[in-house]
Asker: 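Pasting a structure here, questions to come.
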Amino acid sequence: MRTFCSHITITQTDTTVTINGWVDRHRDHGGILFVDCRDHTGIVQLVFPPEQPDLLQQANELRSEFVIQASGVVKQRSPDTINPALQTGDIEIQVTDLTILNRSNPLPFSHHEPIREHTKLQYRYLHLRRSDMQQKLRFRAKLTSLIRLELSNQGFVDIETPVLTRSTPEGARDYLVPSRTQPGHFFALPQSPQIFKQLLMVSGFDRYYQIVKCFRDEDLRADRQPEFTQLDVEMSFVSEADIQDMTERLINRLFQELLDVTLPKQFPRLTYAEAMNQYGCDKPDLRNPLTLVDIGHLVKDESFEVFAKPAKLDGHRVVALKVPSGGSMSRKQIDDYTKLVGKYGAKGLAYIKVTNLDMGIDGLKSPIIKFFNPQTILNICQLVQAQDHDLVFFGAGSNSMVNQSMSALRDQLGLDLSLIDQQAWKILWVTDFPMFDKQTDGQLTPMHHPFTAPKQVDFDQDKQPENWLSRAYDLVLNGSEIAGGSIRIHDRSMQMNIFDTLGFEEEAAINEFQHLLDALSYGAPPHGGIAFGIDRLVMLMTQSDSIRDVIAFPKTQSAACLLTRAPATVPNEQLEELAIQSHSNTPENQE
RNA sequence: GGGGUGGUAGUUCAGAUUGGUUAGAAUACCGGCCUGUCACGUCGGUGGUCGCGGGUUCGAGCCCCGUCCACCCCGCCA
């Protein structure tokens, strides 16, 4: 009967146990030999005493990562040899039988040292042997089990949707799969099962869920992989509140049972407009106390055009960002922050250092004060409630530039000044997103996706679709978007109307989305849903720095797998069978 | 497509400010010694295409150009 290493306790003293595992470390004292045996539960110390020379000689062959089975008697350790750092530190196993199940070459890296990312990924199966990686993937499994338990208890039906499906024109770049049976035709891997789950609502599966891989061929980030896992949920006969309710119950249970963390029963809500106004960002990290404060109304009549001009222009804003105790910031630090906002197009970074408010304008230091009426500066200080030794940064320009640069600045300040409580969990809903984004060429694109229902729009009256709001909502945890969804359009003519607003030709829209449009005309119920980024959620819950750490076999930033060396070239016959010709003339392709 | 950081022993790193003898450390590995360690100790040893290619120079790990890989970011990601 197998026992797990760290499950052996002092109550088993003098009983015989058998363990399987890997040699973690071995300590050879000549006459006596200690071996730390490791399995996924932990470590237990094996002792090979000098009284059994044959066994000792056999044990002398043991090296790190050899796979062994050992039987022996559990012994209580004498008080002076107890190791309090080890869960099993009060006992050890006096070995009577040892089997070397497999030998191991020395590992390319030690389990007890940091490893470069490249090496980790190349020998991923060895890296996953580490206890921190074991814990993360086991945590992930617990999380998905709990999700299935909770959702099936709530009457949700788990339904699989196709992986080989149709490419749609909107959204991210598709991964394509050539069809052999229909040369020149291609499947796409799903960016999400969006349309399928809506079709399932039409079918009458009024509560659907699926834990499903999604694929997007876009550039990677620390929190973005080309294939990632969503918890996809859709419900019929619901409004926003029902989806949010279900989400709050689920997330609360996950945090309570997996982390023993109690989140608010209802999550705070911010509208998109409020979030952008206060944080410059639609996924603010609320652990960071800094906020943006509009000061346009105070500076619009000043002669300082850098502020006055955007203060008067539509689509522009002027904001202040107060940094408590920031007055001690060095010239170099401020230069670095200026570079940071420069990445987003800011021409500079104006600031005021507050040294002594009692002295009025003379108690302030700033390169820009001289351009202002002194009372305006004092009004700004009052508005942001600046105190002695504070620093106030300013951003002025187009909404998008100010929001992007100042929210990046806010994040960086949060890190640099340790304003963020790393133990805290701050979750919120962001609601009332605009329906559309207006691109530089004036073209509208859906902010969420083109099936999102608008919020109370009178199509005949309101001819400014860029101002329309949608029934979309995002769930934001510690500054990361961990879920997003919407109430969908269930009316065919409304859907056609939105396609039209997006500039789709009627014929093209009918062609691309025929299956959805048809379905909407056969008694589609009102419905809506949400999709959770499982990788991101697990990343946050396990305090990991990268999504790669919670994915067993992740890709590199250039979307390659260092373990399998995918993607790779294929023989020409394989291409011919698929009616594919490669334009790439790299030497590897010639082989 | 763009900006940044890194690549030196199996591994993790130093050496790069000032170009100069045989490129170091720790750890791992191999061998010896050691009966209570738990990052065991100790003595000795093996181990290098300094990512790759080119250039400057009497001489390049170090300077210059190009390139590849990994990571972080911008663009991109409905």
Side-chain angles (χ1 to χ4, degrees), chain A residues 24-37 43-51 53 56 63-65 75 77-86 88-89 92 94 104-123 126-127 168-174 191-192 194-195 214-226 228 336 339-345 404-405 408 411-412 433-437 439-440 444-452 470 472 481 484-486 498 502 531 533 545-546 548 555-558 560 562 565 586:
Chain A
D24 197 63
R25 284 194 159 99
H26 60 112
R27 293 175 291 280
D28 183 356
H29 286 249
I32 189 168
L33 175 66
F34 301 96
V35 170
D36 290 340
C37 184
I43 281 174
V44 69
Q45 174 166 276
L46 310 180
V47 187
F48 295 87
E51 290 80 36
L56 191 61
R63 293 294 179 272
S64 284
E65 303 305 315
K75 292 289 181 194
R77 294 201 199 181
S78 65
D80 56 317
T81 60
I82 287 176
N83 181 359
L86 213 59
T88 58
E92 61 196 10
Q94 192 108 17
S104 172
N105 288 334
L107 261 42
F109 49 78
S110 154
H111 283 331
H112 307 281
E113 273 180 326
I115 324 172
R116 200 172 292 158
E117 196 70 19
H118 187 279
T119 316
K120 281 184 194 174
L121 296 178
Q122 197 175 352
Y123 296 95
L126 295 180
H127 185 227
T168 50
E170 283 300 304
R173 197 175 292 114
D174 283 321
Q191 296 176 26
S192 89
Q194 181 60 37
I195 292 180
C214 303
F215 306 86
R216 292 176 193 176
D217 186 6
E218 296 293 346
D219 285 343
L220 286 76
R221 289 285 188 280
D223 63 352
R224 264 163 41 188
Q225 283 270 310
F228 59 100
D336 286 346
K339 264 184 224 159
L340 176 74
V341 296
K343 284 207 297 194
Y344 301 89
Q404 280 187 58
S405 58
D411 288 343
Q412 193 61 47
F433 279 80
M435 277 293 279
F436 309 109
D437 249 345
Q439 296 187 324
T440 39
L444 294 178
T445 58
M447 192 119 176
H448 187 56
H449 56 52
F451 320 115
T452 300
S470 74
E481 180 197 331
S486 62
I498 295 299
L502 284 166
D545 294 325
S546 164
R548 291 186 302 276
K555 308 251 182 311
T556 67
Q557 192 155 47
S558 57
L562 296 181
R565 301 188 314 285
T586 56

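Residue numbering restarts at 1 for every chain, and letters A, B, ... go by the order of the sequence lines.
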Asker: Do Glu92(A) and rG36(B) have a side chain to base donor-acceptor pair shorter than 3.5 Å?
Answerer: yes
Asker: Which whole number of Å gives the distance between the P atom of rC71(B) and that of rU8(B)?
Answerer: 16 Å
Asker: rC40(B), OP1 or OP2 - any side-chain N/O from Arg27(A) closer than 4.0 Å?
Answerer: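 Arg27(A) to rC40(B) OP1/OP2: side-chain N or O found under 4.0 Å.
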Asker: Are the aromatic ring centres of Phe34(A) and His29(A) under 6.0 angstrom apart?
Answerer: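 Yes; His29(A) has its ring centre under 6.0 Å from that of Phe34(A).
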Asker: Once you apply a heavy-atom cut-off of 4.0 Å, does Ser110(A) come out as touching a base, just sugar-phosphate, or nothing?
Answerer: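 Since no nucleic acid heavy atom lies under 4.0 Å of Ser110(A), the category is nothing.
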Asker: Does Arg224(A) put a side-chain nitrogen or oxygen below 4.0 Å from OP1 or OP2 of rC76(B)?
Answerer: no
Asker: Report yes if at least one side-chain N or O of Gln45(A) is closer than 4.0 Å to OP1 or OP2 of rU37(B); otherwise report no.
Answerer: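 No, outside the criterion.
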Asker: Does the distance from a Lys or Arg side-chain N to an Asp or Glu carboxylate O, for Arg27(A) and Asp36(A), drop under 4.0 Å?
Answerer: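 Salt bridge flag = yes for Asp36(A) with Arg27(A).
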Asker: Under 4.0 Å between any heavy atoms, over every strand shown, what does Thr119(A) touch: base, sugar-phosphate, or nothing? Just pick one.
Answerer: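 Sugar-phosphate contact only - Thr119(A) comes under 4.0 Å of backbone atoms but never of a base.
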Asker: For rG6(B) and rC63(B), measure between their P atoms and round to the nearest Å.
Answerer: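 Per the computed distance, 12 Å lies between those P atoms.
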Asker: Check Glu92(A) with Lys75(A), please: is the shortest side-chain N to carboxylate O separation under 4.0 Å?
Answerer: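 Here Lys75(A) does not pair with Glu92(A) in a salt bridge, since their nearest N and O are not under 4.0 Å apart.
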Asker: Give a yes or no on whether a donor-acceptor pair under 3.5 Å exists between the nucleobase atoms of rC38(B), that is its base, and the side chain of Asn83(A).
Answerer: yes
Asker: Map Gln194(A) and Arg63(A) onto RNA chain B by nearest heavy atom, then report which one ends up closer to the 5' terminus.
Answerer: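 Checking each residue's closest nucleotide, the 5'-ward one belongs to Arg63(A).
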